[in-house]
Amino acid sequence: MNNYTKQDIIEMVEDEDVAFIRLQFTDIFGTMKNTAVTASQLSKVLAHNCTFDGSSVKGFSETEESDMRLYPDLNTFEIFPWRPQQGKVARLICDIHLPDGTPYESDPRYVLKKITKKAAQMGYTMDAGPECEFFLFHTDETTGQPTTLTHETGSCFDVGPLDLGENARRDMVLTLEDMGFEIEGSHHEMAPAQHEIDFHYDEALATADNIMTFKLVVRTIAKRHGLHATFMPKPKQQYAGSGMHMNLSLNKDGVNIFRNDDDENGISREAYYFIGGLMKHMRAITAITNPTVNSYKRLTPGAEAPTYMSWSAKARNPLIRIPSVRGEHTRIELRSPDPSSNPYLVLAVLLAAGLEGIEKKIQPPKCVDKNIQSMNETELTSLQIGKLPRSLREATEELEKDSFIREVLGEELTKKIIASQKQDYQDYCMQVTDWEIAHYLQQI
């Protein structure tokens with residue numbers, strides 16, 4: 001992890017001939033925003049005197065407190081390797097503050113920082129490792145707009161020529177490495193045009209920052225190859241959707257406390273409690289990990305993604321699994337999140353729920369090592385296996401009912417998320433789809 005000072009930033013900007021600095025931040029819906037300044041404004045940036053109109057960002061402050069300040073995190077300074085080598089472009093990820101200098105409580109990065117601070121007070125840090133999937137589609141030759149078309153027919157772990165995206169994926173990996181990422185692997189995924197790039201885990205805040213940077217790099221390099229990269233959970237009806245499995249572990253005094261070599265599942269008492277906390281709040285958490293109407297096209301029975309609330313150290317298709325690797329790399333893997341989610345809010349609610357599990361010693365339900373996708377309703381009921389929400393509306397209603405998750409997010413932010421998701425679902429329900437026309441127009 002970097003440990004830059006203001007003087008370090010000044011010297012790097014001068015030595016590297018940086019001409020522009022992009023001040024990046026993330027809105028409540030997980031969309032990256034930025035404002036750019038020239039290097040001549042660096043002193044103003046470092047003095048926290050750069051402002052923007054928060055009322056112009058959906059979900060941010062109303063007009064009466066719209067002048068918001070950007071506080072750059074100096075350790076996030078990076079130079080974009082794809083920009084010109086003369087007059088380079090760099091970035092700083094920023095926290096959002098109000099005009100009086102106090103943190104803006106609906107800033108997703110602030111929400112995560114609050115929870116990591118609480119964890120630190122308990123002696124913990126959480127490491128998180130995402131598995132980010134995405135699709136690479138053609139763009140329309142006339143309009144340049146994205147399509148869902150692809151010429152390739154590749155499937156999981158295929159190589160060229162079946163994997164027509166390998167050149168773009170290679171350039172993405174090399175660019176990410178230029179920006180300090182440690183890439184652990186990349187490959188073609190299950191569906192045609194679907195890909196995955198995995199990078200090394202890090203502490204929660206750094207991982208959330210990395211996910212946002214990852215998306216920017218993937219989209220940028222895809223465009224250079226004439227392709228469109230989408231993190232939409234389910235762009236093609238007939239193929240598997242894109243997930244963002246999240247691998248989590250908890251450290252105390254530099255030791256992974258989820259490890260217990262003497263346990264039958266290889267995990268500690270704290271890990272069981274952490275799972276218990278996640279399970280307790282999972283239905284409400286789903287509104288954060290799967291925040292779009294389209295998310296629930298992926299979370300359907302019979303698909304690869306989980307639909308039931310179970311955990312296992314052996315089965316591969318539960319909501320939470322314990323990967324086979326043990327020792328210092330012992331972790332839990334949550335398989336429901338998708339890449340349309342806001343990573344800051346995802347990690348905030350997961351960490352908070354897990355910590356509550358440890359604080360209150362919440363026991364998880366019994367481990368289920370069978371394939372739950374093949375069970376009937378009677379078997380599921382007998383094992384007390386609950387269901388994940390089946391729609392955005394259902395997930396939003398669960399978020400409304402969960403006072404703990406609401407408190408983690410903050411009441412103002414929660415209200416904005418709920419209002420937006422309800423509106424999205426209402427708009428979606430009013431759409432007349434091609435399926436309806438095909439099934440009803442002639443017959444009725």
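- Of the N and O atoms on the side chains of Tyr428 and Asn294, not one donor lies less than 3.5 Å from an acceptor on the other residue.
- A salt bridge does not link Glu397 with Lys401: every distance from a Lys NZ or Arg NE/NH1/NH2 to an Asp or Glu carboxylate oxygen is 4.0 Å or more.
- The backbone N or O of Ile93 lies less than 3.5 Å from a partner atom in the side chain of Thr76, making a donor-acceptor pair.
- Pairs passing the salt bridge (charged side-chain N to carboxylate O under 4.0 Å, His left out) check and including a residue from residues 205-218, sequence neighbours excluded, read Arg109-Asp209.
- Residues meeting the ring pair (Phe, Tyr, Trp, His ring centres under 6.0 Å) test with Phe231, sequence neighbours left out: Phe134.
- Scanning all heavy atoms of the two residues, the minimum distance from Arg335 to Arg298 falls at O-NH2, 3.0 Å.
- Salt bridge Glu270/Lys361: absent, no basic N to carboxylate O contact under 4.0 Å.
- In this structure, OG1 in Thr286 is found 5.0 Å from CG in Leu388, a value given to the nearest 0.5 Å.
- Using a 4.5 Å cut-off on side-chain heavy atoms (C-beta onward), Trp311 and Leu319 make no contact.
- Note on ring orientation: taking the six-membered ring where Trp is involved, the planes of His138 and His151 are tilted (angle from 30° to 60°).
- Side-chain atoms of Thr150 come within 3.5 Å of backbone N or O of Glu152 as a donor-acceptor pair.
- Side-chain contact between Leu74 and Asn3 is absent, with no heavy atoms from C-beta onward closer than 4.5 Å.
- A 4.5 Å side-chain heavy-atom check between Glu189 and His187 finds at least one atom pair inside the cut-off.
- Using a 4.5 Å heavy-atom cutoff, the side chains of Leu136 and Met172 are in contact.
- Between Met232 and Ser242 the shortest side-chain heavy-atom distance does not fall below 4.5 Å.
- When all heavy atoms of Pro108 and Tyr344 are compared, the pair lying nearest together is O-CB, 3.4 Å.
- For the atom pair CG (Asp140) and CG (Leu149), the distance works out to 8.5 Å, reported to the nearest 0.5 Å.
- Under the 4.0 Å criterion applied to side-chain N and carboxylate O atoms, Glu333 and Arg321 are assigned as salt-bridge partners.
- A distance-only check finds no donor-acceptor pair linking the side chain of Tyr124 to the backbone of Ile257 [under 3.5 Å].
- Counting only distance, with no hydrogens or angles, the side chain of Glu411 and the backbone of Glu407 share no donor-acceptor pair below 3.5 Å.
- Panel note: side chain His329, backbone Val325; no donor-acceptor pair is recorded below 3.5 Å.
- None of Lys223, Gln145, His228 except one satisfies the side-chain contact (heavy atoms from CB on, under 4.5 Å) rule with Thr139; the exception is His228.
- Side-chain contact between Asp263 and Ile267: present, with at least one pair of heavy atoms (C-beta onward) separated by less than 4.5 Å.
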*Could you go step by step and tell me if Thr330 and Asn256 meet the side-chain hydrogen bond (donor to acceptor under 3.5 Å, both in side chains) rule?*
CA-CA 8 Å; Thr330 300; Asn256 181 355; 4.9 Å; no
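- Seen from the ring of Tyr308, Arg390 counts as a face-on cation partner, given the 6.0 Å and 45° thresholds.
- Between Arg259 and Asp261 there is a salt bridge, with a side-chain nitrogen of the basic residue lying less than 4.0 Å from a carboxylate oxygen of the acidic one.
- Tyr104 has its ring centre less than 6.0 Å from the ring centre of Phe60.
- Taking every heavy atom of both residues into account, Ser340 and Pro233 meet most closely at OG-CG, 3.7 Å.
- Here Lys113 pairs with Asp95 under the side chain to side chain donor-acceptor pair (under 3.5 Å) rule; sequence neighbours left out.
- Nearest heavy atom pair, residue Leu392 against residue Pro291, reads CD1-O, 3.6 Å.
- Of the residues Arg91, Gln24, Glu78, the one that meets the side-chain hydrogen bond (donor to acceptor under 3.5 Å, both in side chains) test with Thr213 is Arg91.
- Looking only at side-chain heavy atoms (C-beta outward), Ser186 and His195 stay at 4.5 Å or farther from each other.
- Scanning both residues, Leu299 and Pro306, for their nearest heavy atoms gives CD2-O, 3.4 Å.
- Gln421 places no side-chain N or O within 3.5 Å of a backbone atom of Ile418 that could act as its donor or acceptor partner.
- Annotation: cation-pi geometry not satisfied between Lys236 and Phe135 (NZ/CZ under 6.0 angstrom from ring centroid, within 45° of ring axis).
- For Phe181, the CZ atom is densely surrounded, since the number of other residues' heavy atoms within 6.0 Å is greater than 12.
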*Under the ring pair (Phe, Tyr, Trp, His ring centres under 6.0 Å) rule, what do His281 and Phe404 come out as? Steps first, then yes or no, please.*
CA-CA 8 Å; His281 297 286; Phe404 176 81; 4.7 Å; yes
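- Across all non-hydrogen atoms, the minimal contact from Ile28 to Gly59 is CD1-CA, 3.7 Å.
- A salt bridge does not link Glu105 to Lys114: none of the charged nitrogens lies less than 4.0 Å from a carboxylate oxygen.
- Under the 3.5 Å distance criterion, the side-chain polar atoms of Thr381 are matched with a main-chain donor or acceptor of Glu377.
- Under the 3.5 Å distance criterion, the side-chain polar atoms of Asn2 are matched with a main-chain donor or acceptor of Asn75.
- The existence of a salt bridge linking Glu400 and Lys422 is confirmed by a sub-4.0 Å separation between a basic side-chain nitrogen and an acidic carboxylate oxygen.
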*Taking it one step at a time, do Glu182 and Phe199 satisfy side chain to side chain contact (heavy atoms under 4.5 Å, CB included)?*
CA-CA 6 Å; Glu182 180 182 341; Phe199 50 89; over 6 Å; no
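- Between the side chain of Asp338 and the main chain of Met244, no donor-acceptor pair closer than 3.5 Å is present.
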*asked:* Please evaluate residues Phe274 and Leu248 with respect to the criterion side chain to side chain contact (heavy atoms under 4.5 Å, CB included), reporting the C-alpha separation (whole Å), side-chain torsions for both, the decisive distance (0.1 Å), and the verdict.
replied: CA-CA 10 Å; Phe274 198 96; Leu248 307 171; 4.1 Å; yes
*List the steps, then state whether side chain to side chain contact (heavy atoms under 4.5 Å, CB included) holds for Glu203 with Met126.*
CA-CA 6 Å; Glu203 292 186 10; Met126 184 176 77; over 6 Å; no
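- Salt bridge annotation for Arg170-Glu166: absent, with no cationic side-chain nitrogen under 4.0 angstrom from a carboxylate oxygen.
- Using a cut-off of 4.0 Å between Lys/Arg side-chain N and Asp/Glu carboxylate O, Glu394 and Arg283 are scored as salt-bridged.
- With hydrogens and angles ignored, the 3.5 Å screen pairs no side-chain donor or acceptor of Arg331 with any backbone N or O of Gly129.
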